[in-house]
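The structure under discussion appears below in the form of structure tokens.
Each residue takes its place number in the sequence, starting with 1.
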Amino acid sequence: MNTCIACGMPLEGAHVEDVGMQTPEGPVCKFDLKDGVLKEPAEIFQGGVMFFASSVAEGDQVLAERLTRKNMKALPHWQAHLFPLLDGSEATDEEFSAAMAKLSAH
């Protein structure tokens, strides 16, 4: 599956047009770019928190942060480019699986 290196968003099907840039590491979605370059890590993290809070965490900010951490830390890009907001508690495997199942149901 073709996914954004910064947020993990699938870039296929309905989202094939959401590719904003190709890098040697892989594609970046248009939502993680600002003026043609990758946004700051904190801005991408906050975007993930907003996404998870509104789509699967029913507004639970703490859960949304934990889901975002789990998601970003699983991506090779962030494994190579750690930043302070990735420190902290992560969603459990069960919580993350449940969140992904909710997303798939939409």
Side-chain angles (χ1 to χ4, degrees):
M1 177 184 288
N2 200 24
T3 60
C4 175
I5 64 166
C7 70
M9 177 180 160
L11 296 169
E12 297 176 343
H15 298 286
V16 73
E17 298 297 322
D18 290 336
V19 175
M21 174 175 75
Q22 288 288 341
T23 72
E25 288 181 89
V28 177
C29 74
K30 65 184 181 182
F31 307 106
D32 291 332
L33 296 175
K34 185 180 222 172
D35 299 325
V37 296
L38 192 63
K39 290 180 179 177
E40 291 296 317
E43 196 171 351
I44 294 171
F45 181 86
Q46 290 306 320
V49 171
M50 289 184 346
F51 171 77
F52 281 119
S54 66
S55 62
V56 298
E58 299 174 5
D60 183 336
Q61 196 76 6
V62 173
L63 176 57
E65 287 179 8
R66 291 174 46 237
L67 289 165
T68 301
R69 257 185 221 102
K70 175 95 170 167
N71 181 59
M72 289 181 79
K73 288 173 83 172
L75 298 171
H77 177 78
W78 298 116
Q79 291 169 7
H81 305 289
L82 294 174
F83 62 99
L85 285 173
L86 292 182
D87 294 336
S89 63
E90 295 177 36
T92 64
D93 290 341
E94 293 78 20
E95 289 170 322
F96 194 75
S97 292
M100 294 299 103
K102 282 184 181 179
L103 287 175
S104 295
H106 289 124

If I compare all heavy atoms of [X] with all of [Y], which pair ends up nearest, and what's the gap?
X	Y	answer
Ala99	Val56	O-CG1, 3.5 Å
Val49	Gln61	CG1-NE2, 3.2 Å
Pro10	Thr3	CA-CG2, 4.0 Å
Leu38	Ala6	CD1-CB, 3.9 Å

So do the side chains of Phe83 and Glu40 get within less than 4.5 Å of each other, counting heavy atoms only? no
Quick one, Lys73 and Glu90 - any side-chain contact, counting heavy atoms below 4.5 Å?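 Yes, close enough: below the 4.5 Å cut-off.
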For Phe51 and Met9, what are the C-alpha separation, side-chain angles and deciding distance, and is it a side chain to side chain contact (heavy atoms under 4.5 Å, CB included)? CA-CA 11 Å; Phe51 171 77; Met9 177 180 160; over 6 Å; no
Partner set under salt bridge (Lys or Arg N to Asp or Glu O under 4.0 Å) for Glu17, not counting sequence neighbours: none
Taking only residues two or more places apart in sequence, or in another chain, which ones meet Glu95 in a side chain to side chain contact (heavy atoms under 4.5 Å, CB included)? Leu63, Arg66, Ala91, Thr92
Contacts of Met50 that satisfy side chain to side chain contact (heavy atoms under 4.5 Å, CB included) - sequence neighbours left out: none
Rounded distance (nearest 0.5 Å) linking atom CG of Leu85 with atom CZ of Arg69: 7.0 Å
Rounded to the nearest 0.5 Å, what separation is found between the CE atom of Met72 and the CG atom of Leu75?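 Those atoms lie 7.5 Å apart.
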Answer yes or no: is there an ion pair linking Lys70 with Glu65, defined by an N-O contact shorter than 4.0 Å?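 Here Lys70 does not pair with Glu65 in a salt bridge, since their nearest N and O are not under 4.0 Å apart.
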Show, in sequence, the C-alpha distance, side-chain angles and deciding distance for Trp78 and Ile44, and conclude whether the side chain to side chain contact (heavy atoms under 4.5 Å, CB included) test is met. CA-CA 11 Å; Trp78 298 116; Ile44 294 171; 3.9 Å; yes
Would you please test Asn71 and Phe52 for side chain to side chain contact (heavy atoms under 4.5 Å, CB included) and show each step? CA-CA 10 Å; Asn71 181 59; Phe52 281 119; 4.2 Å; yes
With a 6.0 Å cut-off (strictly less than), is the heavy-atom count around CD of Glu43, excluding the residue itself, greater than 12? yes
So if you build clusters from Ile, Leu, Val, Met, Phe, Trp, Tyr with side-chain heavy-atom gaps below 4.5 Å, do Leu67 and Val62 land together? no
Those residues that, when tested against Lys39, pass side-chain hydrogen bond (donor to acceptor under 3.5 Å, both in side chains) (two or more places apart):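 Testing Lys39 for side-chain hydrogen bond (donor to acceptor under 3.5 Å, both in side chains), a comparison that skips the adjacent residues, returns none.
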Using the side-chain hydrogen bond (donor to acceptor under 3.5 Å, both in side chains) criterion, which residues pair with Asp87? Sequence neighbours excluded.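 Partners of Asp87 by the side-chain hydrogen bond (donor to acceptor under 3.5 Å, both in side chains) criterion come out as none, since no residue qualifies.
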Check the pair Ile5, Thr23 against side chain to side chain contact (heavy atoms under 4.5 Å, CB included), reporting the backbone distance first and the verdict last. CA-CA 9 Å; Ile5 64 166; Thr23 72; 3.7 Å; yes
Could you list the donor-acceptor pairs under 3.5 angstrom formed between side-chain atoms of residues 24-34 and any protein atom two or more places apart in sequence or on another chain?
from, atom 1, to, atom 2, distance (Å)
Glu25, OE1, His77, ND1, 3.1
Glu25, OE2, His77, ND1, 2.9
Lys30, NZ, Asp18, OD1, 3.2

